[in-house]
Amino acid sequence: MKAQVAGRAVLLIPHRGETGDEAALPADYRRILAIVRAAGGPVQVKGVGEELGLEVGVRGRLEPLRAEMTKLADRGRLHKRPDGKFTARL
C-alpha cells in the first residue's frame, strides 16, 4: 500500500489488528517477519541484516533495517525489547 505524505510516496504498514493478513505487507517486511520468527528467540538487527545479505560491517547500513523493524514493532507485528532486540508476536 502506498500513499503520499508531503508530496513523497511512502509505504503504509497497517497495524496488526487492522488486517491479520500479512499479504498486505510489502515483501521486505514479510521477509523480516519470517527471519525473526525462524530465529525462535530475541534477535538483533545485525542478525537480521546478515540473513538479508546486508553489509553489516559498514556503518549506517543497518539503520534503514532498524527503522523497518521498529515500524513493525510500532504496528504490533514485532515486539521490541528494552535491550534493543526484537521478538515475534504470537
Side-chain angles (χ1 to χ4, degrees):
M1 230 185 244
K2 290 191 178 186
Q4 292 276 332
V5 174
R8 295 176 50 191
V10 296
L11 291 175
L12 294 178
I13 307 303
H15 286 271
R16 185 175 182 194
E18 292 175 13
T19 94
D21 186 16
E22 288 182 11
L25 297 174
D28 291 346
Y29 288 88
R30 290 193 308 265
R31 286 181 31 206
I32 292 168
L33 287 172
I35 291 167
V36 174
R37 285 189 184 120
V43 295
Q44 293 180 326
V45 174
K46 182 178 180 179
V48 175
E50 289 170 346
E51 287 290 321
L52 291 172
L54 299 177
E55 294 180 51
V56 297
V58 177
R59 197 177 164 131
R61 292 287 179 156
L62 294 177
E63 291 311 310
L65 176 59
R66 184 181 321 281
E68 290 175 345
M69 292 177 72
T70 300
K71 188 178 289 188
L72 285 169
D74 291 345
R75 302 300 192 274
R77 296 184 182 270
L78 290 178
H79 172 71
K80 185 174 182 181
R81 296 169 22 136
D83 63 1
K85 294 180 182 180
F86 291 85
T87 58
R89 292 236 187 227
L90 301 176

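Numbers here simply count residues along the sequence, with the first being 1.
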*For R30, which residues count as a salt bridge (charged side-chain N to carboxylate O under 4.0 Å, His left out) partner, sequence neighbours excluded?*
none
*Among I35, L62, I32, find the one that has a side-chain contact (heavy atoms from CB on, under 4.5 Å) with M69.*
I32
*Among all residues two or more places apart in sequence or in another chain, which pass the salt bridge (charged side-chain N to carboxylate O under 4.0 Å, His left out) test with R37?*
E22
_A73: side-chain contact (heavy atoms from CB on, under 4.5 Å) partners, not counting sequence neighbours_ = L78, K80, F86
*Could you note down all residue pairs passing side-chain hydrogen bond (donor to acceptor under 3.5 Å, both in side chains) where residues 53-62 supplies at least one of them, sequence neighbours left out?*
none
*Hey, what do you get for CG (L25) to CZ (R31), rounding to the nearest 0.5 Å?*
13.5 Å
*Compare every heavy atom of G60 with every heavy atom of P64, then report the nearest pair and how far apart it is.*
CD-O, 3.6 Å
*Between R66 and E63, is there a salt bridge with N-O shorter than 4.0 Å?*
yes
Listing, residues 41-53 side-chain donor-acceptor contacts under 3.5 Å, not counting sequence neighbours, or none:
none

*Enter the distance from Y29:OH to R77:CZ here, rounded to the nearest 0.5 Å.*
11.5 Å
